[in-house]
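Take a look at the structure below.
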Amino acid sequence: MRYFTELKTAELSSYATPFYYYDLKLLDDTLDAINDAIDGTNFKVHYAIKANANDEILSRVKAKGLGIDCVSGNEVRKAIDSGFLAKNISFAGVGKTDEEIAYGLDHDIFTFNVESLAELKVIDELAKEKQKVAGIAIRLNPNVNAKTHHYITTGLEENKFGINAWELPELFEMLPTLKKLSLKGIHFHIGSQINDLTVFKSLCNRVNDFQKQFKERGIALDHVNVGGGLGVNYTNPDEESIPDFNSFFQVFKDFLVVEPGQEVHFELGRSVVAQCGSLISKVLYIKEGIKTNFAIIDAGMTELIRPALYQSYHKIENISATSKENSKKYDVVGPICESSDCFGKAISLPETKRGDLIAIRSTGAYGEVMSSFYNLREKAKAFYSES
Ligand SMILES: *Cc1c(COP(=O)(O)O)cnc(C)c1O
């Protein structure tokens, strides 16, 4: 099944550029693939709302029964306002404010995924004030290298996330004194855009070690949350519109040791939504450069910051060009006053001219949601295809 390439360019020409274009059929098929892969298991998937909090997308995710993973109070609010049940909402983040914690307590969310010993005490105190019991999971830093870009690596001891192994004795001493906390599980998240599945096998081994330490102290855990991070194929999105969820979950079936009745939770973001989105932009000018020509388009780092922030690659297509002949190399750049406002260097495109539509592919995750108002830009609209 090919998705984006069946698009009608004529339909897209009727919208003002730049805009995000979401293929909701592909999103539904992706969600079905996840549900098929975990059918009959004790696995449960939370969608990481930070990847894309667009209302249409959230309503599809909700319809397919996923929970929500949040990293800010406003994300928790958005999930609740969008109709997700509090018992399916978890809340991670190294810097939760008192107000954010209070909001989560008021709504009885499933867990606060606690990232430091200091935070444990604060949640306990705030819960006491409200005469509530807070569900918590301990986020542990497994010191596993995700082998991805260093800006999206989170599971190394040098990273700010989670409680480190050497803090465990203190944690075990503290836990019985924190009367308003109900420990439900342990949590891990080692990074994003992980394409080497052996990384997840290493994670399983580390999780098993941690589980053993809790078990030895007689601490029962309802669930183990192994986070997200599964990568997508940015180079050839049409060859892999839906990530290989079967192989991903199989690693955990094979290598994670679970206790009877224990659930395994996942927090997938990118792999759920990346491929269903494209950023559509119009060519404003072609300008001759010294080495290559520039195709200056009307989308910039304000709509899609990933290339500027992480040097990430997105496939770029000229969807107006009728023939693939006369291909030339272009640096595809935006209008923003920053040299990093560049979507790709020396990209081969068919002869490209002012007014052509350009599709920047695989931008459903960490695209629209990271947009900014720099240069007083307006927020790009979103449009949807159902078939
Ligand atoms: C960002 C994040 C995720 C989702 O990561 P993806 O790579 O998009 O799957 C999951 N859990 C936590 C705690 C996160 O911060």
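We're numbering straight along the sequence, starting at 1. This is a predicted model, so every value here is computed, not measured. Counting starts at 1 for both ligands and their atoms, in listed order.
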Show which atoms of ligand 1 fall inside a sub-4.0 Å distance from at least one heavy-atom site of [X].
| X | result |
| --- | --- |
| Tyr366 | 1 (C), 4 (C), 5 (O), 6 (P), 8 (O) |
| Arg139 | 13 (C) |
| Val71 | 15 (O) |
| Ala48 | 3 (C), 4 (C) |

Pi-cation contact, Phe188 with Arg139 (under 6.0 Å, within 45°): no
Cationic tip of Arg77 within the cone over Tyr103's six-membered ring, i.e. under 6.0 Å and within 45° of the normal? yes
Phe91 and His107: aromatic ring centres closer than 6.0 Å?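 That pair fails the under 6.0 Å test.
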Will you find, in the side chains of [X] and [Y], an N or O donor that is under 3.5 Å from an N or O acceptor?
| X | Y | value |
| --- | --- | --- |
| Asp254 | Gln250 | yes |
| Asn74 | Ser72 | no |
| Glu368 | Tyr22 | yes |

Do [X] and ligand 1 have an N or O pair less than 3.5 Å apart?
| X | answer |
| --- | --- |
| Gly269 | yes |
| Leu230 | no |
| Arg270 | yes |
| Ser192 | yes |

Protein contact to [atom] [nearest heavy atom, distance to 0.1 Å]:
| atom | answer |
| --- | --- |
| atom 13 (C) of ligand 1 | Glu267 OE1, 3.6 Å |
| atom 1 (C) of ligand 1 | Lys50 NZ, 1.3 Å |
| atom 5 (O) of ligand 1 | His189 CE1, 3.3 Å |

So, does Asp331 use its side chain to make a donor-acceptor pair with the main chain of Ala346 at under 3.5 Å? yes
Verify, without hydrogens or angle tests, whether Gln193 (side chain) and Val232 (backbone) share a donor-acceptor contact under 3.5 angstrom. yes
Please classify the Ile194 to ligand 1 contact at 4.0 Å (heavy-atom distances, strictly less than): side chain, backbone, both or neither. neither
Proximity flag Gly227 to ligand 1, non-hydrogen atoms under 4.0 Å: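 No, Gly227 has no heavy atoms under 4.0 Å from ligand 1.
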Can you find a pair of side-chain heavy atoms, one from Arg217 and one from Leu175, that are under 4.5 Å apart?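 Not touching, per the 4.5 Å side-chain cut-off.
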Nearest neighbour of atom 6 (P) of ligand 1 from the list Cys70, Gly231, Ala92, Gly229, on a heavy-atom basis: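 Checking each option, the heavy atom nearest atom 6 (P) of ligand 1 is found in Gly229.
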